[in-house]
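Some notes on the structure that comes next.
Heavy-atom basis, side chains included; hydrogens, waters and symmetry copies ignored.
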Amino acid sequence: GVTYPTDADLAQALEEALAREAKPYEEAVVAASFMDQLPKAGKITKVEDTDFGFKVWTLSNGAKIVWKQTDFKNDQILISAVSPVGSANLDGLTVAEKDNLTSAFSIGGFADFSATDIRKMLAGKNANANISINRSGVNVSGSCSPKDIRTMMEMIYLGATKPRMDQDAYDSWFKRNRSQMEMAEGTPNKIQNDSLTCTIYKGQKEMYPTTVAEFDQIDYKNMLDKAASLTKNAADFTFFMIGNIDEDSLKVMAEQYIAALPSTGKATEKYDKGYIYMTKGSRENRFDLPMAQPMTTVYNVFCLFDKPYNMKEQVALNFLGQIAQTTLTETIREKEGGVYSPGAATGYGNRQEMIQMLYVFVTGEEKLAHIEDVAYREISKLTEEINDDYFQRARDYAIKNYQAQQKENSYWLSVITEKYLYGNDSETGIEDTIKNLTPDDVKAVAKEIISNASRIQFVSNGVEKK
């Protein structure tokens with residue numbers, strides 16, 4: 001049974017507590033900067049001009065910086081970096097470990113600074129930088145004000161060269177994530193999402209969701225060591241920077257930090273690009289899912305492969321996504337009253353060279369067959385007929401969005417990345433393409449998708465839990 005304290009016990013505990021010496025909380029002293037000793041600086045060895053007013057600096061370690069000064073925002077400098085050599089090139093890791101490399105690499109902070117120390121160091125500063133790792137590459141992202149550019153550069157340098165192991169931080173992260181996985185196990189949302197993923201990537205086990213048992217086997221040190229190997233060759237990295245940049249200041253920062261990153265001297269020539277595509281071929285997955293409050297979720301996913309970038313087709317695809325969304329909202333929700341918040345979207349994978357379209361809705365089992373038929377019929381009709389009002393709305397949105405983006409650093413960072421690394425020019429002539437696009441162009445894209453794409457039909461039919 002439970003033993004409760006007596007009045008005498010409580011009085012004694014209070015007296016002991018009051019007798020203890022209480023020391024005021026002392027905040028640990030925060031260092032003035034992340035680096036007391038600077039690395040050996042490198043040099044800019046080549047200067048070139050490239051598209052859209054950007055300059056290219058080749059550094060002595062083989063890294064490149066593609067940059068442009070703008071006056072869009074006085075307090076903003078954006079940076080991103082890409083290495084095409086990702087976790088697909090690492091041996092000695094399980095799929096679960098590869099999926100968690102970013103966390104293992106960053107959770108402990110860097111050098112002598114824990115993640116908590118870093119947050120304290122950044123108080124009052126406008127600077128951040130992060131490194132992430134996936135199958136197809138390593139990515140750096142960050143931003144700063146002009147006055148805090150050194151802090152951002154220090155974070156990039158130390159993050160890439162001195163990832164810190166922190167077992168306590170890892171244990172806390174592991175326990176938290178494992179607990180979340182356990183709680184999600186067997187829930188309708190978990191079953192549905194896992195089933196959808198396995199259906200889309202049928203037979204490609206590296207894309208299957210991690211189980212608790214697999215998560216239990218991940219090794220922190222192994223992940224950290226393997227992840228760190230991906231940032232040891234600066235020649236694999238291209239850095240992109242834009243914003244209120246002072247060229248003289250950037251030159252100092254580039255040579256002191258980015259050109260000082262370790263390198264083999266040349267970029268990796270042969271590597272696994274790590275792209276994973278939706279498994280080719282049409283298929284269907286329908287199953288009953290016991291639920292406390294039954295609802296049926298329907299996904300239709302279409303994918304066309306081997307589609308090199310084409311600006312006109314890309315714009316027509318964007319129009320199609322918006323028109324499909326409006327069409328389904330007006331038909332299966334407003335007219336039929338049979339669904340909750342239907343969604344439709346289109347997308348183009350530049351690196352994978354594939355076109356995707358999907359639509360999704362949630363309905364009741366009694367309306368499923370009818371709503372399925374109406375939804376597919378309405379989407380298929382877009383191959384023959386495009387509502388003029390829907391088309392004009394899509395065009396107005398595209399023009400407005402394009403014009404707003406012209407003064408956004410993030411837009412130009414994306415544009416130059418696509419052009420410089422992958423050769424896809426998503427800017428030159430885009431406004432004219434938007435203005436000159438016709439409904440027939442949208443119909444042509446819709447027809448190619450409906451006629452030729454691999455189609456996945458996924459139906460998670462909610463039934464009453466017994």
Between CG on residue D49 and CZ on residue F54, distance to nearest 0.5 Å: 12.0 Å
Ring-ring centroid check F174 F215, cutoff 6.0 Å: yes
Electrostatic pair K381:E378 at N-O distance under 4.0 angstrom: yes
Heavy-atom pair of closest approach, residues L382 and L320: CD1-CD1, 3.9 Å
Check: G281 main-chain N/O paired with S454 side-chain donor or acceptor under 3.5 Å: yes
NZ (K147) with more than 12 external heavy atoms under 6.0 Å: yes
E313 and K307 ion-paired at < 4.0 Å: yes
Separation between CD1 of I245 and CD of Q76, rounded to the nearest 0.5 Å: 10.5 Å
Heavy-atom closest contact (G203 atom, Y208 atom, distance): N-OH, 2.9 Å
Charged N-O contact under 4.0 Å between E336 and K367: no
Nearest non-hydrogen partners of A88 and G274, listed with the distance: CB-CA, 3.7 Å
N/O donor-acceptor pair under 3.5 Å between N222 side chain and G92 backbone: yes
Name of the residue among D148, N128, N409, N126 meeting side chain to side chain donor-acceptor pair (under 3.5 Å) with S143: N128
Backbone N/O of I200 and side chain of R283: donor-acceptor pair under 3.5 Å: yes
Ionic contact status for R178 with E182, cut-off 4.0 Å: yes
Main-chain N/O of P146 paired with D75 side-chain donor or acceptor, under 3.5 Å: no
Check: T279/Q204 side-chain N/O donor and acceptor closer than 3.5 Å: yes
Y340 atom OH: more than 12 heavy-atom contacts under 6.0 Å: no
Short side-chain to backbone donor-acceptor contact, N177 and W173, under 3.5 Å: yes
Distance-only donor-acceptor check, side chains Y257 and R150, under 3.5 Å: yes
Working for side chain to side chain contact (heavy atoms under 4.5 Å, CB included), residues I258 and I65: CA-CA 9 Å; I258 297 179; I65 301 178; 3.7 Å; yes
Distance-only donor-acceptor check, side chains T329 and Q325, under 3.5 Å: yes
Atom NZ of K125: over 12 foreign heavy atoms under 6.0 Å: yes
Enclosure of E464 CD (heavy-atom neighbours >12, cutoff 6.0 Å): no
Side chain to side chain contact (heavy atoms under 4.5 Å, CB included) between L196 and Y299, worked out: CA-CA 9 Å; L196 178 60; Y299 279 86; 3.8 Å; yes
Verdict with reasoning, F110 to F105, per ring pair (Phe, Tyr, Trp, His ring centres under 6.0 Å): CA-CA 9 Å; F110 50 65; F105 192 63; over 10 Å; no
Face-on cation placement of K46 at W57 ring, 6.0 Å and 45° thresholds: no
Minimum heavy-atom distance between G109 and I118, given as atom pair plus value: CA-CD1, 3.7 Å
Residues D432, K435: salt bridge by 4.0 Å N-O rule: no
F319/F391 aromatic ring centres below 6.0 Å: yes
Within 45° cone of F305 ring axis and under 6.0 Å: K280 NZ or CZ: yes
From E448 atom CD to L317 atom CG, the distance as rounded to the nearest 0.5 Å: 10.0 Å
Under 3.5 Å side-chain donor-acceptor pair for T116 and R119: yes
Ring geometry between Y277 and Y275 (parallel below 30°, tilted from 30 to 60°, perpendicular above 60°): perpendicular
Charged N-O contact under 4.0 Å between D396 and K400: no
Within 45° cone of Y376 ring axis and under 6.0 Å: R455 NZ or CZ: yes
N461 and R286 side chains, donor-acceptor separation under 3.5 Å: no
Side-chain donor-acceptor contact under 3.5 Å, N285 with T199: yes
Atom of V315, atom of I434 and distance for their closest heavy-atom approach: CG1-CG1, 4.0 Å
Heavy-atom neighbours of K202 NZ exceed 12 at 6.0 Å: no
Donor-acceptor side-chain pairing of D194 and T197 below 3.5 angstrom: no
S460 and Q192 side chains, donor-acceptor separation under 3.5 Å: yes
Trace of the side chain to side chain contact (heavy atoms under 4.5 Å, CB included) decision for V140 with V82: CA-CA 7 Å; V140 178; V82 179; over 6 Å; no
Exceeds 12 heavy-atom contacts within 6.0 angstrom, atom NZ of K190: yes
D440 vs K443, side chain to side chain contact (heavy atoms under 4.5 Å, CB included): CA-CA, chis, key distance, verdict: CA-CA 5 Å; D440 285 341; K443 287 188 286 187; 3.0 Å; yes
Closest contact, heavy atoms only, S426 versus Y309: CA-OH, 3.3 Å
Exam field: side chain S414 to backbone S410, donor-acceptor pair closer than 3.5 Å: no
Crowding at OH, Y397 (>12 non-hydrogen neighbours, <6.0 Å): no
Just list the side-chain donor-acceptor pairs under 3.5 Å for residues 415-425, sequence neighbours left out, or say none.
residue, atom, partner, partner atom, Å
T417, OG1, L413, O, 2.7
E418, OE1, N350, ND2, 2.7
E418, OE1, R351, NH1, 3.3
E418, OE2, R351, NH1, 2.4
D425, OD1, E427, N, 3.0
D425, OD1, T428, N, 3.0
D425, OD1, T428, OG1, 3.4
D425, OD2, T428, OG1, 2.7

CA sep, side-chain torsions, deciding dist, call: N233, S263, side chain to side chain donor-acceptor pair (under 3.5 Å): CA-CA 4 Å; N233 185 15; S263 173; 3.3 Å; yes
Short side-chain donor-acceptor distance under 3.5 Å, N189 and T187: no
Under 3.5 Å: donor-acceptor pair, side chain of T231, backbone of A228: yes
Over 12 non-hydrogen atoms of neighbours within 6.0 angstrom of CD in Q293: no
CD-CD1 distance between E408 and I242, expressed to the nearest 0.5 angstrom: 10.5 Å
